[in-house]
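What follows is a single structure, written as structure tokens, with notes after it.
Computed over heavy atoms, backbone and side chain alike; hydrogens, waters and symmetry mates excluded.
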Amino acid sequence: MFQVGEMIVCDHNGVCRVLDVMEMPKLRKGVLYYELEPVYSKGSRIYAPVDSEKLVMRRVSTAKEVEELLDEIPHIETIWIANEKKREEQYKEVARRYDCREWVKIIKTVHMRKRSRSLEGKKITYIDEKYMKLAEENLYGEISIPLKIERNRVGEYIRNRIGSKEE
């Protein structure tokens with residue numbers, strides 16, 4: 001069980017702070033709920049059952065885990081599926097896990113597709129763009145917490161970090 005004050009990732013809500021753990025008799029008697037505040041949506045409140053099997057809830061990655069992930073980025077596989085429909089299904093499946101490594105897969109895949117399509121004189125597809133934005137928001141939102149970097153500076157931090165490793 002998460003403790004009050006802890007930072008967690010809660011499914012499609014992203015990074016949240018645990019504000020309270022309480023019973024909500026009007027909803028379900030005898031069931032404990034987390035009261036969560038999404039970090040990037042101040043003032044919002046989410047109530048999630050402590051024992052939910054439907055929601056992905058996990059602790060935010062530590063700084064050490066993030067640094068290890070950043071070291072692995074050059075070696076993380078992409079999702080290279082030519083069929084648009086099947087690739088979208090794979091993006092959806094990967095996105096449902098709310099896992100940093102999976103977000104990296106999507107971002108790397110879309111960057112490669114973007115380069116490839118650009119050489120053909122084509123633009124990125126709507127689906128690629130949609131999942132790229134989702135992956136960046138989730139990955140950067142989580143990474144910003146343990147590294148104490150503003151979310152909008154995380155992409156630059158990653159590029160610089162990876163660039164320095166490849167030299």
Side-chain angles (χ1 to χ4, degrees), residues 1-79 81 86-111 127-158 161-162:
M1 186 154 86
F2 304 116
Q3 303 302 311
V4 172
E6 241 182 306
M7 299 293 257
I8 68 169
V9 172
C10 179
D11 215 74
H12 64 276
N13 299 296
V15 178
C16 296
R17 182 181 321 280
V18 178
L19 298 177
D20 201 358
V21 180
M22 63 187 145
E23 205 175 307
M24 297 180 72
K26 289 183 180 179
L27 287 179
R28 284 177 38 209
K29 211 172 193 144
V31 175
L32 288 177
Y33 284 81
Y34 291 117
E35 179 182 11
L36 306 171
E37 177 184 41
V39 171
Y40 301 107
S41 185
K42 294 287 185 200
S44 297
R45 294 289 184 273
I46 297 158
Y47 298 91
V50 168
D51 62 356
S52 176
E53 292 180 16
K54 292 180 183 175
L55 293 175
V56 173
M57 288 191 282
R58 62 174 177 76
R59 285 178 174 77
V60 166
S61 300
T62 65
K64 183 178 187 271
E65 291 167 337
V66 168
E67 293 298 342
E68 288 170 358
L69 173 69
L70 297 181
D71 288 340
E72 289 177 43
I73 287 178
H75 310 289
I76 293 175
E77 296 290 319
T78 58
I79 306 165
I81 300 171
K86 287 184 180 178
R87 190 174 52 259
E88 181 181 10
E89 288 171 17
Q90 187 65 38
Y91 283 164
K92 282 181 186 176
E93 179 61 35
V94 165
R96 277 189 205 106
R97 296 182 195 130
Y98 292 92
D99 177 85
C100 291
R101 191 166 276 94
E102 302 297 329
W103 295 128
V104 169
K105 284 182 184 179
I106 291 174
I107 293 167
K108 282 185 69 171
T109 299
V110 175
H111 274 296
I127 295 302
D128 284 335
E129 196 169 321
K130 172 184 165 183
Y131 282 94
M132 171 75 130
K133 185 175 189 230
L134 179 69
E136 286 180 340
E137 283 177 4
N138 282 277
L139 179 67
Y140 297 178
E142 181 169 351
I143 286 178
S144 71
I145 303 296
L147 296 185
K148 297 176 175 66
I149 300 172
E150 292 177 33
R151 182 170 60 165
N152 63 354
R153 304 213 45 219
V154 171
E156 177 186 356
Y157 176 83
I158 292 171
R161 179 98 178 346
I162 292 172

Do [X] side-chain atoms and [Y] backbone N/O form a donor-acceptor pair below 3.5 Å?
X    : Y    : result
Y40  : G14  : no
E35  : M22  : no
S52  : L55  : yes
E156 : R153 : no
Y34  : F2   : yes
E102 : A95  : no
R58  : Y98  : yes

Within-4.5 Å side-chain heavy-atom neighbours: [X] and [Y]:
X    : Y    : result
L134 : W103 : yes
V39  : R151 : no
D128 : Y91  : yes
I162 : L70  : no
S61  : L69  : no
M132 : I107 : yes
D71  : R161 : yes
I143 : I149 : no

Closest heavy-atom pair and its distance - [X], [Y]:
X    : Y    : result
V21  : V4   : N-CG2, 4.2 Å
M1   : V50  : SD-CG1, 3.7 Å
L36  : C10  : CD1-SG, 3.7 Å
L147 : E67  : CD2-OE2, 3.4 Å
P146 : T62  : CB-C, 3.7 Å
E142 : C100 : OE1-SG, 3.2 Å

Query raised in the report: Would you call K86 and E89 a salt bridge, using N to O less than 4.0 angstrom?
Result: no
Query raised in the report: What do the steps show when you test E129 against K133 for salt bridge (Lys or Arg N to Asp or Glu O under 4.0 Å), and what is the final call?
Result: CA-CA 6 Å; E129 196 169 321; K133 185 175 189 230; over 6 Å; no
Anything under 3.5 Å between a donor and an acceptor, one on a side chain of residues 72-79, the other on a protein residue two or more places apart or in another chain? List them.
residue, atom, partner, partner atom, Å
E72, OE1, R101, NE, 3.2
E72, OE1, R101, NH2, 2.8
E72, OE2, R101, NH2, 3.0

Report task. Determine, step by step, whether R45 and E37 satisfy the salt bridge (Lys or Arg N to Asp or Glu O under 4.0 Å) criterion, reporting the C-alpha distance in whole Å, the side-chain angles of both residues, the deciding distance to 0.1 Å, and the verdict. Result -> CA-CA 5 Å; R45 294 289 184 273; E37 177 184 41; 3.4 Å; yes
Atom pair [atom1]/[atom2] of [X] and [Y] - distance to nearest 0.5 Å:
X    : Y   : atom1 : atom2 : answer
E65  : R59 : CD    : CZ    : 11.0 Å
I145 : I8  : CD1   : CD1   : 12.5 Å
E93  : Q90 : CD    : CD    : 6.5 Å

**Report entry** More than 12 heavy atoms from other groups under 6.0 Å of NZ on K148
**Finding:**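 Open.
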Query - Pairing residues for E136 by the salt bridge (charged side-chain N to carboxylate O under 4.0 Å, His left out) criterion, not counting sequence neighbours - result: none
